[in-house]
Amino acid sequence: MKDYLSVNDINSLPNWIDDAKKIKQNPLMDKALGANKTLGLFFFNNSLRTRLSTQKAAMNLGMNVMIMNFGNDGWALEFEDGTIMDKGKAEHVKEAAQVLSQYCDIIGIRAFALLKNKERDEEELILKSFKKYASAPIINLESSLSHPLQALADIITIAEQQQIKTPKIVLSWAPHPRALPHAVANSFVEMMHLYKANLLITHPPGYELDPRITKNTPIEYNQKQALEKADFVYVKNWSSYIDYGEVMNTDTNWMINLEKLGKAKFMHCLPVRRNVIVEDAVLDSSQSLVIEQANNRTCAAQLVLKYLLEAKAE
Ligand code: CP
């Protein structure tokens, strides 16, 4: 594997899940692999879990870690080709990516969708520019379209928790006051396809995700019916994809509560707004897997770093 940009970079999901479980049992087993190697984590947006779990994963491998917030610390970067740079942006990604590749053996990039222009967001200009101009392998720390590290932690969590061969997994939209990107939901759906899961999506009409991602996944607009006999309920808000970036529905009836959850396990990538997305009683119950999902971010990131370090050493 040369980069980890999407879940499509996973060559064998069963092997990846097995290897992740081994890492989780013995996080320091590859302590020498990353000696004298440096991971650079570069953020254009905020983060708690992605930043710290990936840093911890790198430390478990003996790597050094450098972190920079381009929003606050770095020079404002230009990404367009051929621009006359006489306005606010001081540095072009062409130089920045090459310079960072001299300092770092692996580079992680977080750059969310802006949700103003679908075509622009779908170009994934920031992630793809680093991929184009950096010589170091690139890890996607959440881009406009995908969050593959989160999806990897999610599938590890499901694999650990599942008690039957083919559990019923429901991805449910939930209300949120702000417009949120589609990346987490996209990668979760893609990962469920890779896992050949029994997935059902529920959301209000108008919140259909990109059909190129959902493909033939069934959609049930009645949330109560969708949640019946579910084993895992993954809850996430996303803004409209059709009316791109719009918040069309804030119906609080879509919030998840214990009654709707039934006997299912509750999943969310975090951060989560209590009593907006999900009621306190769910998050505070033993049915909530959110803390374990966050825990599994470390072994997921460590697995990706391990594979990239091993590929570089070949
Ligand atoms: N789930 C997730 O990516 O969390 P952060 O935004 O805190 O990194």
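Small disclaimer: the values here were computed from a predicted structure and weren't measured. We count ligands from 1, going down the list as the structure has it; atoms in each ligand are counted the same way. Keep in mind that the numbers below use all heavy atoms, side chains included, and drop hydrogens, waters and symmetry copies.
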Whether Y221 and H203 hold their rings parallel, tilted or perpendicular, with breakpoints at 30° and 60°: perpendicular
Determine whether the aromatic ring centres of residues W16 and Y4 are separated by less than 6.0 angstrom. yes
For L5 and N140, work out which heavy atoms get closest and say how close. O-ND2, 2.9 Å
For residues 266-273, tabulate all N or O donor-acceptor pairs below 3.5 Å that involve a side-chain atom, not counting sequence neighbours.
unit_1, atom_1, unit_2, atom_2, d
H268, ND1, L270, N, 2.8
R273, NE, H176, NE2, 3.1

Ordered by chain then number, the protein residues lying under 4.0 Å from ligand 1 by heavy atom are S47, L48, R49, T50, R110, H147, Q150, C269, L270, R297
Only one of I219, L199, V184 passes side chain to side chain contact (heavy atoms under 4.5 Å, CB included) with L171; say which it is. L199
Please indicate whether K118 has more than 12 foreign heavy atoms, meaning atoms of other residues, nucleotides or ligands, lying under 6.0 Å from its NZ. yes
